[in-house]
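In what follows, every heavy atom counts, from backbone to side chain, and hydrogens, waters and symmetry copies are set aside. Counting starts at 1 for both ligands and their atoms, in listed order.
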Amino acid sequence: MSEMQRITAAADWLRPRLPQAPEIALVLGSGLGGLADRIETPVCLPYRDVPGFPLSTAPGHAGQFVAGQLAGRSVICMQGRFHYYEGHGMADIALPVRVLKALGCRALVLTNAAGGVNYDFSVGDFMLITDHINFMGANPLRGENDDEVGPRFCDMSRVYDPDLQALARQVAAARGLTLREGVYLGYMGPSYETPAEIRAFRTLGADAVGMSTVPEAIAAAHCGLPVLAMSLITNMAAGMTGQRLSGDEVIAIANRRGPVFQQLVADLVAAMP
Ligand code: HPA
């Protein structure tokens, strides 16, 4: 089966089940899945029912598409995503993004919980991702290329759409929210980084670190889907505060700041072209 056949099989299964053709796709990170509860006339479609989809196992991730109306726009959310550290292949992580493109989505909003690497940041900050460093040691485009999906050698100079970034700045300012900006470094996980790694990543130019988003952004760039990505800084990265890191704390902060982050994303969806 070609990659395009795999994409088409999933998209053909989903399309008749959606309330309307989606315009905007959203991937909701840890603790941010609550945005899906704000969707009006929601239709929930678990990944396990979608042909060719893997199963999601990460805590705090529900593992379903939720389609409907958000802020007056037709959206489809991924409530839960596939992470490389769960053992999924990179192709499995790319698949939903390609399916969202096949469904006609014109933009992809990626959200995540991340560790702050930049000392100017604080826990609870929102960061607009302006670029990334792929430190996962793998790439979803490795292997045979399906030219119907995208080009063999994919330009990565504008993965994070400049117009959507400008819109995010405007929308945050209109709410009086400080929006940090920076480079997200994708780390394979599932262990957190060591303090030495965090110092190295800061030297490399990272402002935040996390275990998702990069494979999805690469897949989106490949199939020509404009991306807007934002991180919620749930903790300062290893070695920066003298405190130890815990997944529970990441989820607690994500839950605490989640509602404001969700409002920001909802405003953005409303303002999107
Ligand atoms: N490192 C990696 N991933 C994360 C972190 C972190 O500090 N916080 C939330 N996700």
Between Phe135 and the options Tyr84, Tyr184, Tyr187, Phe201, the ring pair (Phe, Tyr, Trp, His ring centres under 6.0 Å) test singles out Phe201

Q. Cation over ring, Arg17 on Trp13, under 6.0 Å and within 45°?
A.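 Verdict for Trp13: a cation-pi partner in Arg17.
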
| task | Tell me which one of Gly186, Gly189, Gly115 gets a heavy atom nearest to atom 5 (C) of ligand 1. | result |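 Looking at heavy atoms only, the winner is Gly115.
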
ask   = Among the heavy atoms of Tyr192, does any lie under 4.0 Å from an atom of ligand 1?
value = yes

query = Considering only protein heavy atoms, which is closest to atom 3 (N) of ligand 1, and at what distance to one decimal place?
reply =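 The protein heavy atom lying closest is Gly210 CA, 3.4 Å.
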
*asked:* Please determine whether a side-chain nitrogen of the Lys or Arg among Arg158 and Asp155 lies less than 4.0 Å from a carboxylate oxygen of the Asp or Glu.
replied: no

Worksheet entry | Salt-bridge contact Asp207-Arg180 (side-chain N to carboxylate O under 4.0 Å) | no

Find all atoms of ligand 1 within a distance of less than 4.0 Å from any non-hydrogen atom belonging to [X], and give their numbers and elements.
{"X": "Asn235", "answer": "5 (C), 6 (C), 7 (O), 8 (N), 9 (C)"}
{"X": "Ala113", "answer": "9 (C), 10 (N)"}
{"X": "Leu245", "answer": "7 (O)"}

- Mark yes or no for whether Arg98, through its side chain, and Ile7, through its backbone, hold a donor-acceptor pair below 3.5 Å. no

When you measure from the side chain of Gln79 to the backbone N and O of Gly33, does any donor-acceptor pair fall under 3.5 Å?
->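 Judged by distance alone, yes, a pair lies under 3.5 Å.
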
Answer side chain, backbone, both or neither: which part of Thr234 comes under 4.0 Å from ligand 1, heavy atoms only.
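The answer is the side chain of Thr234.
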
Problem - Location of contacts on Ala114 toward ligand 1, heavy atoms closer than 4.0 Å - result: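 The answer is the backbone of Ala114.
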
Inset, instruction - Sorted by first residue and then second, give each side-chain hydrogen bond (donor to acceptor under 3.5 Å, both in side chains) pair with at least one member in residues 227-247; sequence neighbours left out. - result: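 Sorted pair list: Asn112-Ser231.
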
Does Glu193, backbone or side chain, put an N or O under 3.5 Å from an N or O of ligand 1?
yes

